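Below is one structure; the comments refer to it alone.
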There are 2 protein chains.
Amino acid sequence: MGDRQAKDALYDAFGEVAKALASGRRAELVDVLAQGERHVEELADEIGQSVANTSFHLRALATAGLVTTRREGTRIYYRLASDRVAELWAALRDVAAAHHEHLDDLAAAYLGDRSRLEQVGREELAERIRSGDVVVVDVRPAAEFVAGHIAGARSIPVDELAANLRSLPADVEVVAYCRGPYCVFADDAVRLLRRRGRRARRLVDGFPEWRRAALPVEAGVPSPP
Amino acid sequence: MGDRQAKDALYDAFGEVAKALASGRRAELVDVLAQGERHVEELADEIGQSVANTSFHLRALATAGLVTTRREGTRIYYRLASDRVAELWAALRDVAAAHHEHLDDLAAAYLGDRSRLEQVGREELAERIRSGDVVVVDVRPAAEFVAGHIAGARSIPVDELAANLRSLPADVEVVAYCRGPYCVFADDAVRLLRRRGRRARRLVDGFPEWRRAALPVEAGVPSPP
DNA sequence: ACAGTATTCAAGCATGTCCTTGACGAGGTC
DNA sequence: GACCTCGTCAAGGACATGCTTGAATACTGT
């Protein structure tokens, strides 16, 4: 006990888990799966890869233990193995944001200029929801809303927002949220709303962080009008 | 903004950070550096690799931003870029412990049977230190004790423990701690102490976790007898 | 049992990673 | 200034990874 070979093998196992996240495509998959389960074809579409290659990456994640599967009819749904995986993913993002040399530039290139985009913190939003003077809009794809969302939120996927503008009360501030700090959906939604003269901000991070903070969530289809 | 190419580049950057940990040797380095700064030759010795290869891995960690350096005379000291990195490392260990298929076996092969090894939690130990009815022994190498240790602990590196047994009071329980949950030093120390008829337990994790929990720490050489 | 479809597997190529050896470079010391 | 030490860099060989294409598998639903 305590010998070199066994130690190397143990730490190699930690390395294997890290290797599962050591690919941009797999990182994207984890980011999507942190919203809830999805099947292979959807995931392939999300990450812009062939189904075969997506399946290959999902297998890598499954082999490392980060995701598990469930069959429903002819589809196979993948989901994160547990909340710990989402926490690992959040820790990885944190370290990258703090220490990766070019992350700011890359984020700016993908997200655009956020300096004029007002954000709202989780606790403040929870408070405003309790007092009822805010409309919370989930701008992720509908499937992710169904898998779980902030209690009381309305589902309006970002590409349907322009068409549904008038269903939002004009005199109440809107808070949009999406997948997390590196997701563009809420940014685009807030920009659109402000161009139309609405008061709008985005939640600083996304639904997975809200859920992990043990704030109120719901799941299932939107309640009828 | 929001295009495929920029998104891929951003997530590739997250992947690069994960890749820095995607090697058992680099994981070992991070585990050691979580104790405090060390120079290349020491690190090479710790991970059982050539100096050249250790330098290569340290460069990989530095390029990803996980470690930084400081020159002192002819030596170069490496340290973790921040506490976030230690948190990422802890999150990685958690996920591996929960989901890696063979981690239990690998840990057992390296650490030996822990079923008869009693452990003590951080909060309980903090309480017992306040009431003063426990001796806390830091069994890591002396350099790591100097870089930082639990307030009030004594430094007795594990391979010097047998020779210093009589300096420990016989009627007080001993709690040994070391680098973390996958470190053998405290296990070996507790086993030795119990064979010699002492009451002894190990802290569940190690010094980095104690410090991150904002419990009392000190640094510097042991106070004179 | 059969056809249909979602997913996985296999082969193949280009590219990247790990570790070794030997030479080089930056700083300190005499 | 010459020498010494610590650390880094470069080249090279064995091996692993990422993506594509095309075929195989494992279910479902009738």
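Source: prediction; values computed, not measured. The analysis underlying the following values was restricted to heavy atoms, covering all of them including side chains, and did not include hydrogens, waters or symmetry mates. Convention: sequence-line order gives letters A, B, ...; per-chain numbering from 1.
- One atom, CZ of B:Arg75, and another, P of D:dT5, lie 12 Å apart when rounded to the nearest Å.
- The shortest side-chain heavy-atom distance between B:Leu215 and B:Ile150 does not fall under the 4.5 Å cut-off.
- Partners of B:Ala52 by side-chain contact (heavy atoms from CB on, under 4.5 Å), not counting sequence neighbours, listed by chain and number: B:Ser50.
- A rotation axis mapping the C1' atoms of four pairs onto the next four is fitted at both ends of the helix from C:dA1-D:dT30 to C:dC30-D:dG1 over five pairs, and the angle between these axes is 40° to 10 degrees.
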I'd like to compare against my own output: the B/S/- annotation of nucleotides 24-30 of chain C with a strict under-4.0 Å heavy-atom distance to protein. ---SS--

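- Distance NE2 (A:His57) to C1' (C:dC9): 15 Å, rounded to an integer number of Å.
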Can I get a per-line list of side-chain donor-acceptor pairs under 3.5 Å for residues 56-69 of chain A, giving both atom names and the distance, sequence neighbours left out?
{"residue": "A:His57", "atom": "ND1", "partner": "A:Arg26", "partner atom": "NH1", "Å": "3.1"}
{"residue": "A:Arg59", "atom": "NH2", "partner": "A:Tyr78", "partner atom": "OH", "Å": "3.4"}
{"residue": "A:Thr63", "atom": "OG1", "partner": "A:Arg59", "partner atom": "O", "Å": "2.8"}

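- Residues satisfying the side-chain contact (heavy atoms from CB on, under 4.5 Å) test with A:Asn164, not counting sequence neighbours, are A:Ile156, A:Glu160, A:Ser167.
- Heavy-atom distances under 4.0 Å link DNA chain C to B:Lys19 of residues 10-21 of chain B, given in residue order.
- One atom, NE2 of A:His39, and another, C1' of C:dT8, lie 16 Å apart when rounded to the nearest Å.
- Side-chain contact between B:Leu10 and A:Leu103 is present, with at least one heavy-atom pair separated by less than 4.5 Å.
- Between the CG atom of B:Asn53 and the P atom of C:dT21 there is a distance of 11 Å, given to the nearest Å.
- Inter-residue side-chain proximity for B:Arg154 and B:Leu168 is flagged as met; some heavy-atom pair is nearer than 4.5 Å.
- With sequence neighbours left out, the salt bridge (charged side-chain N to carboxylate O under 4.0 Å, His left out) criterion links B:Arg84 to no other residue.
- Take B:His39 and apply the ring pair (Phe, Tyr, Trp, His ring centres under 6.0 Å) test, not counting sequence neighbours, and it matches B:Tyr77.
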Do any side-chain atoms of residues 87-94 of chain B form donor-acceptor pairs under 3.5 angstrom with protein atoms, and if so which ones, sequence neighbours left out?
{"residue": "B:Trp89", "atom": "NE1", "partner": "B:Asp31", "partner atom": "OD1", "Å": "2.9"}
{"residue": "B:Arg93", "atom": "NH1", "partner": "B:Glu209", "partner atom": "OE2", "Å": "3.4"}
{"residue": "B:Arg93", "atom": "NH2", "partner": "B:Glu209", "partner atom": "OE2", "Å": "2.7"}

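- Between A:Asp205 and A:Arg122 a salt bridge is recorded (basic side-chain N to carboxylate O distance below 4.0 Å).
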N/O to N/O distances under 3.5 Å, protein versus nucleotides 8-13 of chain D:
{"residue": "D:dT8", "atom": "OP1", "partner": "B:Tyr78", "partner atom": "OH", "Å": "2.6"}
{"residue": "D:dT8", "atom": "OP2", "partner": "B:Ser55", "partner atom": "OG", "Å": "2.7"}
{"residue": "D:dT8", "atom": "O5'", "partner": "B:Ser55", "partner atom": "OG", "Å": "3.3"}
{"residue": "D:dC9", "atom": "OP2", "partner": "B:Arg59", "partner atom": "NE", "Å": "3.3"}

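- For residues 43-54 of chain A, the salt bridge (Lys or Arg N to Asp or Glu O under 4.0 Å) pairs, not counting sequence neighbours, are A:Arg38-A:Glu46, A:Glu46-A:Arg179.
- Checked against salt bridge (charged side-chain N to carboxylate O under 4.0 Å, His left out), A:Glu101 has no partners two or more places apart in sequence or in another chain.
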